[in-house]
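I have placed the structure first, in the form of structure tokens, so that the comments after it can refer back to it.
One is the number of the first residue; the rest follow in order along the sequence. Below, each value reflects all heavy atoms present in this structure, side chains not excepted, and no hydrogens, waters or symmetry copies. Remember, it's 1-based here, ligands and their atoms both numbered in the order they're listed.
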Amino acid sequence: MSFSSLGLSDALLKAISKKGYKSPSPIQAKAIPPILNRKDVLASAQTGTGKTAGFTLPILQILSQEQQLHNRPVRALVLTPTRELAAQVFESIKDYGEYLDLRSAVIFGGVNQKPQVNKLRKGVDILVATPGRLLDLHNQRLLSLAKVDILVLDEADRMLDMGFLRDIERIMSLMPKRRQNLMFSATFSKNIRKLANGILDNPIEVDATPENTTVDAIKQKVYRVAKVKKTGLIIKLISDGNWNQVLVFTRTKHGANRLCKKMNNAGISATAIHGNKSQGARTKALAGFKSGSVSVLVATDIAARGLDIPLLPHVINFELPNISEDYVHRIGRTGRAGASGEAISLVSADETSYLRDIEKLVGLKISVEIVQGFEPDPNASTEPIKQGRSGSRSRNKDQSSSRNSRSNREGKIKSSNSRGRRRNRNRRR
Ligand code: AMP
């Protein structure tokens, strides 16, 4: 299949070929035609599948073919859960839209609003935003959503998980009821289905997670280890293996900082990325990792979500997430774009029940190894750890409104059924 057979314009085809893409990814092949046909779409797709181009390309095409409105009001709105994802989507729009006369902007919290407002004043066709800053600027009457014709909810599951439900509902109320809605989510919990039922009108369901990003295609391994020996083990694994592009997950921000410090002391260049870091520090950390000057990126789940890090050979769970779906998100970062990858988890006694839940969710028993000198503590309690990301987790600036609850996350990895689709509140053209 070629991009031209999807009905994309020459200007877009030129931008695509400049990016070096040879053919559409499965999500692009399946999502682009219905979006161009102005259908609502519900897509199951993780980061790394090419989902961004899957919605960006057809939106650019639709907007470029429609008549420009006076003052250039926002006609397409892309909502993302994190600043990093917003910035990445914006970059994609700029790249793919290089040969089109469309304007785009990105707005997110944690940085001065003035440059964002100046850009909005000049008129913007496509706006990428995190919910908090979007509502903030709307409340200040610095932007209008009254002409939004296409809405994208990117990583909808994470938006719910981060407590954005009320913000999303409020944002819906600020837009025309008749519009095209596109929703992308890696997981499909009951709450995601409910949100989809409320927003989407008779959507086309697209499920195109490519083989190499499915859980079973990733080599998974568990190292049973005493809690106090985890740092030593991770340093040994990275040093012995001479690994230089490793994404490490910790459950807490402090844990990420501590681990980074110890790795740096051991001569491994590591940097942390989490919600307490300024936007500048997060961007710098990611750039260092991408350029190869930093070997290890230590991240919390929220900070890592949506990061565009192509070709990641190693993902290490320094601690297992207590939410099984997060494990799937984490390991989905390896084995991308056809590359082989390995996902390693360091598991201490108190994480035994998390491991059991994860194995149940992914439907396989993960092979276990023990490294001499880093054996598990036979006397340690198997009582689960009570810390890190949980229902009462604190919220950053972009995480306003409603509280998160365990039931928000009781999803399955994927579910393609369309049971219970109810009448929709918002009817489009
Ligand atoms: P995404 O899932 O949107 O974050 O995209 C993941 C990565 O795949 C990004 O680095 C994109 O530039 C890249 N990508 C997107 N579409 C294609 C394609 N058709 N062929 C090759 N790479 C692509």
Checklist outcome for this item: Near Lys51 (heavy-atom distance under 4.0 Å), the atoms of ligand 1 are 1 (P), 2 (O), 3 (O)

Item to check | CG on Asn181 to CD1 on Ile150, rounded to 0.5 Å | outcome: 10.0 Å

Checklist entry - What distance separates Lys122 NZ from Arg103 CZ, expressed to the nearest 0.5 Å? => result 8.5 Å

Checklist entry - Can you list the atoms of ligand 1 that are under 4.0 Å from a heavy atom of Thr52? => result 1 (P), 3 (O), 4 (O)

Checklist entry - Relative to ligand 1, is Ser92 under 4.0 angstrom through side chain, backbone, both or neither, heavy atoms considered? => result neither

Checklist outcome for this item: In terms of its nearest heavy atom to atom 20 (N) of ligand 1, the top option of Phe3, Tyr21, Tyr96, Phe184 is Tyr21

Checklist entry - Where does Phe55 meet ligand 1, judged by heavy-atom distances below 4.0 Å: at the side chain, the backbone, both, or neither? => result neither

Checklist entry - What do you reckon, is NZ of Lys284 surrounded by more than 12 foreign heavy atoms closer than 6.0 Å? => result no

Next on the checklist: My understanding is that only residues two or more places apart in sequence, or in another chain, count here; which of them pass ring pair (Phe, Tyr, Trp, His ring centres under 6.0 Å) with Phe184?
Outcome noted: Phe55

Checklist entry - Of the choices Gly50, Gly54, Ala53, which has the non-hydrogen atom that lies closest to atom 1 (P) of ligand 1? => result Gly50

Next on the checklist: Using the salt bridge (charged side-chain N to carboxylate O under 4.0 Å, His left out) criterion, which residues pair with Arg72? Sequence neighbours excluded.
Outcome noted: Asp101, Asp125

Checklist outcome for this item: Ser25 heavy atoms within 4.0 Å reach ligand 1 at atoms 19 (N)

Next on the checklist: Under a 3.5 Å threshold, yes or no: a donor from one side chain and an acceptor from the other, between Ser345 and Asn317?
Outcome noted: yes

Checklist entry - Just wondering, more than 12 heavy atoms not from Lys147 lying within 6.0 Å of its NZ? => result no

Checklist entry - Relative to the heavy atoms of Ser23, which atoms of ligand 1 are at a distance of less than 4.0 Å? => result 18 (C), 19 (N), 20 (N)

Checklist outcome for this item: Under 4.0 Å between heavy atoms, the region of Lys22 that gets near ligand 1 turns out to be neither

